[in-house]
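For reference, the structure discussed in these notes is given below.
In this text the structure is predicted, and so the values were computed from the model without any measurement.
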Amino acid sequence: VKLHDELDRLANAAGPVPSVERVLTLARRRRARYLVGVPVVAVAMATVVALTYAWVGAPRGQAASSTYTIAVTTAGTPDPATLTQTRQLLLQRAQLIGLVNARIDVLDQRDLVLTVDRRPDDATLRNLTAPGRLTVRRVVDTTGTPDNPGSPYGGDVTTLSAADQFRTASVTCGLLDQRRGTDGSAPGALTACGSLDGQSVKYLLDVAAVGNQDVEGLTLTNDPGAGWAVTVRFTVAGQTHWTDLTRQVYGDGTGDPASRQVAFVVDDRVVSASAIESVITGDAIVYGQFSQAQATGILAELRYGPLPLALSVER
Amino acid sequence: VDPYEGFREFVLARGPALSRTAYLLTGDHAAAEELVQSALVKTATHWRRVTSAGNPEAYVRRVMANERIGWWRRFGRREVPVADVPEGLGVDQSEASAGRIDLATALAQLPARQRAVIVLRFYEDMSEADAAATLGCSVGTVKSQTSAALAKLRRLIPAIVNDTTEVAR
């Protein structure tokens, strides 16, 4: 038996409609009262507010909380343990980013709810819910891309190969940044965008040489000369991968610096790309003209490991 | 100019549908009539503004849904004591009728907000977003209230809500 049909049948027992004339009489009376009542109440309230300000001063920041539904976009029904793990990771990220009184609840099998005191900006929500995959890759080629080409690529860019995404001028950084389901974890080459001095740059990137599993830990550093950075410490195997990558890219050091760049890619975005000036046997220090908030966001996304589920924030 | 221009026609056309919703929200004839009347009075008071916004019916439904929740908040979910258990509920033995009475009783056991969510989502066939706008709450709240309400209904009358999981998504 369908709930809708049963409700419909139950509604058949509804009583008569109230008399229109009676409704209109009451409305006229109410309207008359309203016209007199509103100004009086308004004046009274204004007085109370003014007096309160005079005594206590203006109220400090409003503590109204914001709620977001975070939907699982991975196909199929996730098992409860995976959902719990996702919630845990989101909480850790939220704490590191510094969201005030962040709470994450599992609503049902495919939805989580984020409640937070102060409304976070879009970049923060992205850092919170992005997959959190780190790959380090050799830069094969770079090209600038106009923000407003004549006609942006009409089809699904994810069906193009990485090389074609790079070659096709109408595949803009705007389109590449909106790709769904690309988190850099797929094998093979990748085309991704980053920004350099405020300009969008499109990068064609080689297969990943270093991944999440190579990372031992991450820390935030602030060098007075170079600004905010994320320092990556590698595992034993990861150190080999990283050092080998720098050796391979550096070569004999005589090539054009632009041709010996290494990119740090978070999900499907280049957060930093710079020329390798020597074989690096230690940590990687990732600079990218970051603000403190940007560097913290990257750190939060990467420090606790990638999310086991793909998520999207519903507004 | 008549500030209530078109209001009579509106009540004539949409009144019965509004009464049905009110009855589902309250489960009681007297309360339903009072609810419709007070919602219509509030609507008529601002009739010109409401019609210029485009959808007077949605406005009335919003007032009804929220007023209902307000009553519940104010008076709590008290049971009204009666001297005798009313007769007649068990008289009609036909299966459909028994199911309806079950549903009426089950609905009566839901908190007002959950009841409102059930009526809006499954009787009015509103989307989660529309129900949220009507109740003035978040989509997340609608989702959680719906799932809580369905769980309770399913517990009370397994036969009736068994096939609503697809509808709920």
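Ranked by heavy-atom pairs under 4.5 Å with chain B, the first of A13(A), G15(A), P16(A) is A13(A). Comparing L107(A), D105(A), V113(A), T67(A) by heavy-atom pairs within less than 4.5 Å of chain B, the highest count is held by L107(A). Among the candidates D8(A), N12(A), L26(A), the residue making the largest number of heavy-atom pairs closer than 4.5 Å to chain B is D8(A).
Remark: the backbone N or O of S291(A) is paired with a side-chain donor or acceptor of Q294(A) at under 3.5 angstrom.
The CD atom of Q109(B) sits 10.5 Å away from atom CZ of R115(B), with the distance rounded to the nearest 0.5 Å.
Between the side chains of T82(A) and D79(A), at least one donor N or O sits under 3.5 Å from an acceptor N or O.
Contact of L40(B) with chain A is made through backbone and side chain together, with heavy-atom distances under 4.5 Å. Looking at R28(A), the atoms closer than 4.5 Å to chain B (heavy atoms on both sides) sit in the backbone and in the side chain alike. Proximity to chain A involves both the backbone and the side chain of I118(B), based on heavy atoms less than 4.5 angstrom apart.
Ring centroids of W47(B) and F7(B) are separated by less than 6.0 Å, placing the two rings close together.
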### Task
Kindly determine whether K143(B) and D111(A) satisfy salt bridge (Lys or Arg N to Asp or Glu O under 4.0 Å), including the steps that lead there.
CA-CA 9 Å; K143(B) 284 185 183 181; D111(A) 297 284; 3.2 Å; yes
